[in-house]
Every structure is written in structure tokens, then in C-alpha cells.
Number of protein chains: 2
Amino acid sequence: MKRKITLKQIAKELDVSISTVSKALSGSKEISEDTTQKIQAFAKLYNYRPNNIALSLKNRKTKTIGIIIPEIVHHFFSTVIRGIELVANKRGYNVIVGLSNESFTKEIINMEMLAGGSIDGFILSISKETLLKQDYHHFNATINQGMPIVLFDRVVNEVDCDKVIVDDFKGSLKAVNKLLSTGCKNIGLITTMDYVSVGRLRTQGYLEALEDGKINADANLILKIDDSLDVEGHLDVLENEIEKFFKSNKKIDGVFAVNELYAVTAMKVARKLGFKIPDDIQVIGFTDGVLSKHATPSLTTVSQHGQKIGEKAADLLIDRLELEESESIDYIEETERNENFKTVIIETELIERDSTK
Amino acid sequence: MKRKITLKQIAKELDVSISTVSKALSGSKEISEDTTQKIQAFAKLYNYRPNNIALSLKNRKTKTIGIIIPEIVHHFFSTVIRGIELVANKRGYNVIVGLSNESFTKEIINMEMLAGGSIDGFILSISKETLLKQDYHHFNATINQGMPIVLFDRVVNEVDCDKVIVDDFKGSLKAVNKLLSTGCKNIGLITTMDYVSVGRLRTQGYLEALEDGKINADANLILKIDDSLDVEGHLDVLENEIEKFFKSNKKIDGVFAVNELYAVTAMKVARKLGFKIPDDIQVIGFTDGVLSKHATPSLTTVSQHGQKIGEKAADLLIDRLELEESESIDYIEETERNENFKTVIIETELIERDSTK
DNA sequence: ATAAACAACGAAAACGTTTTCGTGTTGACA
DNA sequence: TGTCAACACGAAAACGTTTTCGTTGTTTAT
């Protein structure tokens, strides 16, 4: 087992100085062709690779970006990571992931761990607990330390940074319009509690669509699930709630659910109660995951394009990192700086499958 | 925007030496209580955190482990990552992920990127292309450079290292036995090409179970899917193949599929052909993912416990890292070292749901 | 009174790079 | 022959730590 070879060892072996080796390897004009050849050959032979850590220390940047997401076993977040990794790698960056597990404390711990020099910037989606507490000081603190953040999906006004979101509002609008245009008169909504911004926005889209269609919203037709406990296993609770919901609203002929789990569960319950899909009840979900595609009947959904979100977020972050590098941001006025934060909106797309007419 | 504060700045500000600051912060007995107090207070005030990169360089270890998996948008791999991250964080390590995307070249590029000092060790699952090429030199090369590797799930004899696998063989055995014990006489197998080791092992389990049950295996009852192209969208191809399979084997009364996608698709096709599940045909899949749980009927599966695999892999790797640290492995004989590589087998579990009797 | 012990601190090396700024050796040219 | 580039290379600083080994004063024991 040979330890990785260093410049120093090459220098010693070839009886030149470290500087000479470094220059020769980078092809500097300063070094004679003879020695350059010799050094490069030797380096190749021993498979020399510069030590990333030393480079990071010297350059004061690590060329890696930190991701913190609430949960990785989740199709949407996985696709976002895939997108981030894709452009990060293409642009010479690595990706290091932390999981907050929807916990405020774990989010902070993870951020502190990574902010200690391991990364150049963050891409993250806020945990539910943090949203509930509305405590965002750790985000602003790291931003103030000069470390850029890009927020995606679950974003918040209190943090001033680049953001990538989905047009939740328009997405829901499209979905509910689809239901209306295929004849639904009593459209139920299955959503989450309001503190998750995406849930709130999707609810608004639903209401707006009804209003546009001259239909009065009925509070009984809105089912809010307390998902603070829907981790796993609470599937039966979900089913029961939805079943009660259907039973107390016999006239429902369409359902819009703010995620695919709710939608698929709604289909299951509906079928159990004897409804035909899409004949008696049509269903549309949000988030085009693996469940939607393989459910029976396959589910019409609003696709969020998670990968595109990830790609865009990575591009935004890296752009900013490399901008700072060139512009020596220390001398830019506070006021100027805050103005050019972008919020990119990724368009949703209605993917029509067999759960609608 | 204040840059992160360093020991040097604290030293300058408080008019002491860098060494004094360092010692005071680590609570060394060498420094008087007065100065210690003063320095610690100052450090807290300015929110000092030691620079990880500098520490990594000094200690020659990064306290981060590299994961390389073929695909992240995949329930099984996500759960493995979750397991790795869990114990890694608990033991003070970070996790940096690379995606090979089932490509040989990308696997190598990713490994080289990370092996350049960014990480202390690898946890990885081999890409399909690599398995097909049977070229494992990059794994052995990094191991020879002194960087430990733990292989999981898709492992291979040619690489000498710690491994964590699932008892694919016994898992299949259990599954097929279950089908036999509930009265199936003609059990079909839907599997992958042989070069993926897990597919091969699961096939062997199937054959063994039939043999134990005194049933002659019938080659017509085995459907091998070429999954080199099943990325996405080739779903219809899969459905067609399975449909042909069913049609040319009218007497099938049970199906064992080596992954949940095949199993769910088989259920879909079967139902389309008018079979009742589980009355006419029973189905069992492998990999307990989100599809199995929410399919209709819910799918009986062999659970691989991905999270447990990840946890175990991380423990193995970190154990080895910290062992090397204490034992100064340079002086251990070659022969001695190779002997204590472990292969841990994670037991599977048959989760019975509604697709079997 | 003097050596020894101790307390409190600083200097410097080391980790592996890159880069700036010398420095000595050539050759050409006046 | 003396001056000046050009050439080829080396020394050293810097990135931010930790740690070993001094180096001071001050106290204790003899």
C-alpha cells in the first residue's frame, strides 16, 4: 500500500525543487522542455494527482456544494439531487448531502458542519419543523458569513437569496381547470396544513380555479391532512380520513390532491367505496413520481420537473460563486448586492393519464 | 459580510500568539485561566469555528465518506443513503455522493474526483456497465492507494474488501416457497440478464425452491428482461413482453419478479388479461419500495432493508478507518491485512400483503 | 543563595499546493 | 571585455490548524 505521492516526493526523487515540479506539471514556460518531460513522465508513472484539500486551503474554495434536504427517500427530492449533481459535475463541482429529516435542529447541525469550510455554498429546501417555528436565523447567519444559499421548492420570504420554485399556483389552476372542463361539478381538495408554503399555494390555485368557473367553494370539500405524522405506517389514518371525507360528501365527482400519495390513496379508497375511476370520480395529483406512473389507473398529475429545478438551482449557485470570485465582492455596496437575487419559476406540466377523462 | 474569523485574527486582536489561542480554545492546562476565559469569550462572540479544510490537511483525513451509486432516483438506493448518512453523522462524518448513472466512465471519473483527497473511504454499488465489462481495476487501484472501499448490493469477487449484501438467494427461496405453500403449481419468474449478480442469485433461489418442491423447472416459465434499456419510457416494451409471456403460458398461477417494477407491471398486465389477483394468479416482488406498498392490490414482497444495509456499510467503513488510525497500518503484513475483510449478509424478510393468499 | 521545578506563553514545523520574487548561469552584443 | 537580457530554476510565503519544543519569569526545595 503506497500512500498518495506528493509534489515533495517527486521533487526529492528527481532532485529538483517543489516549485519546479509544480510548474512543470502545469506546463509552465519557465521550465525547460527536458525537465518538464522528465517530471511529467515520472508523475504519470506514479499516478500523481494534486491533493484537493491542499488546493482548497490555498484557494479558499472547495469546489463542492452542500445540499440539505428534508428527506432523501422521496422521489421529488431524489430527482432534484440528480439535477444538481448533473450540472455540478459538469461544471467541476462535487456535491455533499445532508439530511434534515424534517427537523429544525438537525438542519442547523448539518449546516454548521458543512459551513465549517467544507463547501462553497448551499442548495436547500426548508424542513417542516423550521417552517413551523418560522425561525430562519441560521440561514441569514450563513448568508452573512459570505456563503451563498439557493433555496428551492419550500422557500420563504424572510430569507434573501436566489430561489427556484415551481408555479404551484398555476399548476393547481391547470389541474382543477382540467377537472372542470371534463364536467366535474363538485371537486374535492386533499391538502396539507397551511404552514407548508407549497400546500398553501396549491390550495389557492384550487380556489382560484373554482372562482373562475363560477363555482362556490365549499369548506366541506376541503380535507386538510396533518402530515406532521405521516412519516410511514400512518397510512391507515390517511385512508380513514379520506374515507370519512368521501362518505360525508357523496356528490364528489373530482379530486385534486396536493401530492401523489394522497391522490393514489384517494383512488384506492374511492374504488373500495365502489366508484369507477375516471367515470364516477376523476383524480389528479401533484408531483409526477413513480406512484403516479404505475398506479391503476395511472394517475393524471402535475409534473414539477424536479431535475430541472435541481439543474437551475445548481446553475444559480455556481454562477454566483464564480461571479464573486471574479468581482471581489468585498467592495460591492450592501444595497447593490441585495438587488440581484433571482427567483426562478419552473413551469409545471399537466401529464394526462387514465385517472381523468 | 464578514469572512469567517481565524485563529490568527483572534490572536492579533487579543495580542497573544496563535498557539495560545489554539490551546485556550481546546481548554489546555497550559494556558492561565484568565487568558483562557478571555479568548473563549472572544471566540464565542465572533462565532469562531475551526476550518475543516485546514484540519483535514493537517490530520490527513477528511472525516467524510464518498458514496457512489448507479442511480439516486431509486427507492432502494435512497434508503441505503439514508442509512449511511444516519450512522455517518452519528459518528462525526459527512457524506458526499457521486452518481455513476450506470456508466463505467462516469464511475471512474467520480472516483478519481473524490479520491483526490476529498474523502477517507468509499461506499459504493457497482454500475451495470462495469459489471458487463468486468473491469474492476479502478476499485483495486484505489484500494492499493490505501483508501478502503465497502461494496454493497452489487458486489463482485474480484474486488477484495468489506461487503454488505442481501441474502438474495434465501430471499427468493422464501418467496417461491410461499407461492408453493399456497398452492401454486406453475410459477413464472421475471428476472434480469445474468450479469447483474443479484438477478442471477435470485434466479438460483427460484430454481432451488422448485427443486425442493419436486417441481421441474420449465425454461418457458422464465422471462429474462434486457434492462440495459429500461431507463424510462420503455415501460410499454416491458408490458408487451410480459403480456406475451402470460399468453404463451396460460397455466401460470404464480409470479415471482426480481424487482418491484416487474412485479407491479405483471399485476397490471394480469389484470388486463382478466385474471384476479391473488385468486387466479399470486404475485411476489423483490425490494420493498413505495410501489409495492401502494399498488392495488398491495404487493407481497421480499424486503431488502436498504437502510440497514447502509448503516452496516457505514459502520464497516468507519470501523476500518478508525482501526487504521490507531494501528498505523503501514507495518501490518500484506497477508495479515487481507484476511479480515468481512462480508455481512443482511437478512431479507417476506412482507405479506394482498397479492398472495 | 542556588538549583530545580513549574507556570504561561511563543516560535516554528508540518500538512500539500501555487505563486511571487529572487538568483545564478548562459549567450549576445557593443 | 563588460553589460544586459533571456533562461532555468529555487526559496519562501501563504492558506488555517495543531503540536512539539523551546524560552522566559516565578516559585519551591535544599
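Values in this document were obtained by computation on a predicted structure and should not be read as measured data. Worth knowing before you read on, the calculation uses all heavy atoms, side chains too, and leaves out hydrogens, waters and symmetry mates.
With hydrogens and angles ignored, the 3.5 Å screen pairs no side-chain donor or acceptor of B:D120 with any backbone N or O of B:I65. Without hydrogens or angle criteria, A:S22 side chain to A:I18 main chain gives no donor-acceptor distance under 3.5 Å.
Applying the salt bridge (Lys or Arg N to Asp or Glu O under 4.0 Å) test to A:K61 and every residue at least two apart in sequence or in another chain returns A:E325. Among residues two or more places apart in sequence or in another chain, the salt bridge (Lys or Arg N to Asp or Glu O under 4.0 Å) test is passed with A:D162 by A:R320. By the side-chain hydrogen bond (donor to acceptor under 3.5 Å, both in side chains) test, A:R60 pairs with no residue at all, sequence neighbours left out. Partners of B:E311 under the salt bridge (Lys or Arg N to Asp or Glu O under 4.0 Å) rule, at least two apart in sequence or in another chain, do not exist in this structure. Under the salt bridge (Lys or Arg N to Asp or Glu O under 4.0 Å) criterion, B:K63 pairs with B:E322, not counting sequence neighbours.
Of the residues in residues 111-122 of chain B, not one comes within less than 4.0 Å of DNA chain C through any heavy atom. Applying a 4.0 Å cut-off to non-hydrogen atoms, the residues of residues 23-37 of chain B that approach DNA chain D are B:K23, B:E30, listed by residue number. Taking a 4.0 Å limit (strictly below) on heavy-atom distances, residues 49-59 of chain B reaches DNA chain D at B:R49, B:P50, B:N51, B:A54, B:L55, B:K58.
Between B:E85 and A:K106 there is a salt bridge, with a side-chain nitrogen of the basic residue lying less than 4.0 Å from a carboxylate oxygen of the acidic one. Taking 4.0 Å as the cut-off between side-chain N and carboxylate O, B:K90 and B:D315 do not count as a salt-bridged pair.
A side-chain donor-acceptor contact under 3.5 Å links A:E107 and A:T130. For the residue pair B:S32 / B:T35, a side-chain donor-acceptor distance below 3.5 Å is found, with atom types taken as modelled.
Bracketed by its first and final contacts, the part of DNA chain C lying under 4.0 Å from non-hydrogen atoms of chain B reaches from C:dA8 to C:dG16 in 5' to 3' order.
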Inset, instruction - List the steps, then state whether salt bridge (Lys or Arg N to Asp or Glu O under 4.0 Å) holds for B:E102 with B:R154. - result: CA-CA 12 Å; B:E102 303 286 11; B:R154 279 134 72 148; 2.6 Å; yes

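Pairs of residues two or more places apart, or lying in two chains, never qualify as ring pair (Phe, Tyr, Trp, His ring centres under 6.0 Å) while including a residue from residues 15-38 of chain A. Among pairs with a residue in residues 133-153 of chain B, those fulfilling ring pair (Phe, Tyr, Trp, His ring centres under 6.0 Å) read B:F104-B:H138, at least two apart in sequence or across chains.
Helix-axis bend for the helix from C:dA1-D:dT30 to C:dA30-D:dT1: the local axis fitted to the five terminal pairs at one end deviates from that at the other end by 80°, rounded to 10°.
Using a 4.0 Å heavy-atom cutoff across all strands shown, A:T6 reaches sugar-phosphate atoms only and no base atom.
Distance, A:K8 NZ to D:dG10 P: 16 Å, rounded to whole Å.
Atoms CD and CZ, on B:E112 and A:R49 in that order, are 4.5 Å from each other to the nearest 0.5 Å.
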